[in-house]
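If you're wondering where the values come from, they're calculated on a predicted model, not measured in any experiment.
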Amino acid sequence: MTTPVRVHWFQHVPFEGLGRLEPRLLRAGCRLSCTRFFENPETPDPTGVDFLVAMGGPMSVNDEAAFPWLAAEKEFIRRHLAAGKPALGICLGAQLFAAACGARVRPNPAKEIGWFPVAGLPPGDPAAFRFPAAFDAFHWHGETFDLPPGAIHLARSRACKNQAFQLGRALGLQFHLETTPESARALIDRARAELVPGPFVQTEAELLAEPPARYEALHRLLDTLLAHLLPETALRLS
């Protein structure tokens with residue numbers, strides 16, 4: 001009998017959950033647990049976590065005065081990555097990965113909110129994940145990260161130079177592949193004030209107008225990424 005992969009995920013606000021990641025991980029036979037920092041900021045025993053997922057949130061990694069648990073979260077991430085275990089950071093999660101590894105997180109030159117193209121970059125390392133040369137993704141961020149020392153730059157966009165990186169067995173994504181129509185609506189309902197006109201900010205109508213095929217393309221790429229991070233589950237993901 002195969003031992004299930006123990007997945008622990010960090011949730012920072014109630015309206016940013018796993019989205020399509022949850023059914024994908026459950027289908028792969030993973031066992032899920034969660035730290036909801038807005039309820040109880042206690043992190044788990046690191047020896048009981050095989051795969052770490054850090055999700056998004058409206059706060060900055062630099063907001064430790066307002067959210068003291070950020071320091072403990074970054075320390076947990078640093079130790080997890082140093083142990084060489086697989087991990088996935090999305091949006092704020094990717095910024096936390098970068099900060100935990102000593103990189104700077106700062107305001108991006110422009111907010112990027114909506115469906116915008118991303119360009120995958122040749123990783124130069126056969127062990128690194130390779131994104132398609134061009135694909136569309138869902139974005140909702142106002143900050144960006146510098147690449148941590150030793151990280152492989154994997155993707156960029158017109159609005160944001162550092163869209164993805166790999167560091168060991170960890171992937172940090174500034175964009176979202178897990179988005180569903182329901183999670184997009186939840187973000188809009190809770191963060192509508194951020195939809196101010198800008199060169200890379202879509203309107204609410206534009207954000208919600210995408211057909212099912214757009215989400216399906218996101219989720220196919222998500223499956224490929226999960227199979228790279230968790231090759232032992234790849235057959236169950238297909």
Side-chain angles (χ1 to χ4, degrees), residues 7-19 21 33-46 48-49 51-83 85 87-114 138-151 159-165 167-168 170-176 178-179 183-184 186-196 198 200-201:
V7 178
H8 191 81
W9 63 287
F10 287 155
Q11 185 176 20
H12 305 103
V13 286
F15 56 90
E16 291 206 45
L18 287 174
L21 265 170
S33 59
C34 179
T35 296
R36 295 177 174 86
F37 287 103
F38 52 91
E39 292 180 348
N40 180 3
E42 189 172 328
T43 54
D45 177 354
V49 178
F51 179 46
L52 177 67
V53 179
M55 296 304 298
M59 64 285 295
S60 169
V61 304
N62 304 309
D63 288 344
E64 289 184 17
F67 304 99
W69 44 260
L70 281 166
E73 183 180 12
K74 283 183 271 191
E75 179 59 18
F76 186 97
I77 290 168
R78 188 190 67 77
R79 291 177 179 272
H80 183 90
L81 300 190
K85 296 180 180 181
L88 176 62
I90 297 174
C91 202
L92 173 65
Q95 295 165 8
L96 285 161
F97 281 17
C101 296
R104 183 175 57 140
V105 175
R106 53 190 166 77
N108 195 55
K111 283 191 175 184
E112 190 176 24
I113 301 176
F138 185 85
H139 307 257
W140 197 301
H141 69 103
E143 293 198 314
T144 187
F145 49 78
D146 291 342
L147 295 177
C160 182
K161 176 182 176 182
N162 295 330
Q163 281 284 357
F165 67 87
L167 188 62
L171 277 172
L173 313 181
Q174 186 60 76
F175 51 86
H176 297 262
E178 82 291 353
T179 302
S183 64
L187 263 174
I188 291 167
D189 287 345
R190 297 298 188 95
R192 187 175 279 106
E194 294 187 42
L195 298 180
V196 296
F200 300 101
V201 178

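- Proximity of a side-chain donor or acceptor of His141 to a complementary backbone N or O of Glu143 within less than 3.5 Å is detected.
- Looking only at distances, a side-chain donor or acceptor of Lys85 sits under 3.5 Å from a matching main-chain atom of Val49.
- In Glu42, the CD atom is not crowded: 12 or fewer heavy atoms of neighbouring residues, nucleotides or ligands sit closer than 6.0 Å.
- The distance from the CD1 atom of Ile90 to the CD atom of Gln95 is 12.5 Å, given to the nearest 0.5 Å.
- You'll find the side chain of Phe175 stays beyond 4.5 Å of the side chain of Cys160, heavy atoms only.
- Two residues are said to be in side-chain contact when any heavy atoms from C-beta on lie closer than 4.5 Å; Trp69 and Thr35 fail this criterion.
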*Test side chain to side chain contact (heavy atoms under 4.5 Å, CB included) on Leu81 and Cys101 and set out the steps.*
CA-CA 9 Å; Leu81 300 190; Cys101 296; 3.7 Å; yes
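- For the side chain to side chain contact (heavy atoms under 4.5 Å, CB included) criterion with His139, the lone passing option out of Lys111, Gln163, His176 is Gln163.
- Contact of the Phe51 side chain with the His8 side chain is not registered, since no non-hydrogen atoms from C-beta on lie closer than 4.5 Å.
- Looking at residues two or more places apart in sequence or on another chain, you find no ring-ring contact (aromatic ring centres under 6.0 Å, His included) involving His80.
- In this structure, the side chain of Asp63 engages the main chain of Ser60 through a donor-acceptor pair within 3.5 Å.
- Atom CG of residue Leu70 and atom CG of residue Asn62 lie 9.0 Å apart, to the nearest 0.5 angstrom.
- The aromatic ring centroids of Phe97 and Phe145 lie 6.0 Å or more from each other.
- Between Phe67 and Phe37, the ring center distance fails the sub-6.0 Å criterion.
- Salt bridge annotation for Glu16-Arg190: absent, with no cationic side-chain nitrogen under 4.0 angstrom from a carboxylate oxygen.
- With contacts defined as side-chain heavy-atom distances shorter than 4.5 Å, the pair Glu73/Leu96 qualifies.
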_Apply side chain to side chain contact (heavy atoms under 4.5 Å, CB included) to residues Trp140 and Leu195 and explain how you reach the verdict._
CA-CA 10 Å; Trp140 197 301; Leu195 298 180; 3.8 Å; yes
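- For the pair Ile77 and Leu52, the minimum side-chain heavy-atom distance is below 4.5 Å.
- Taken to the nearest 0.5 Å, the CG atom of Leu18 stands 7.0 Å off from the SG atom of Cys34.
- Leu187 places a side-chain heavy atom less than 4.5 Å from the side chain of Phe15.
- Side-chain atoms of Glu64 and Lys74, non-hydrogen and from C-beta on, do get closer than 4.5 Å to each other.
- Side-chain atoms of Leu92 and Met55, non-hydrogen and from C-beta on, never get closer than 4.5 Å to each other.
- Gln174 and Glu112 share no side-chain donor-acceptor pair at under 3.5 Å.
- A distance-only check finds a donor-acceptor pair linking the side chain of His12 to the backbone of Gly56 [under 3.5 Å].
- Of the residues listed (Leu147, Leu171, Leu173), the one engaging Phe165 in a side chain to side chain contact (heavy atoms under 4.5 Å, CB included) is Leu147, and it is the only one.
- At least one donor-acceptor pair closer than 3.5 Å links the side chain of Asn108 to the backbone N or O of Ala159.
- Closest non-hydrogen pair, Leu167 versus Pro149, comes out as CD1-O, 3.6 Å.
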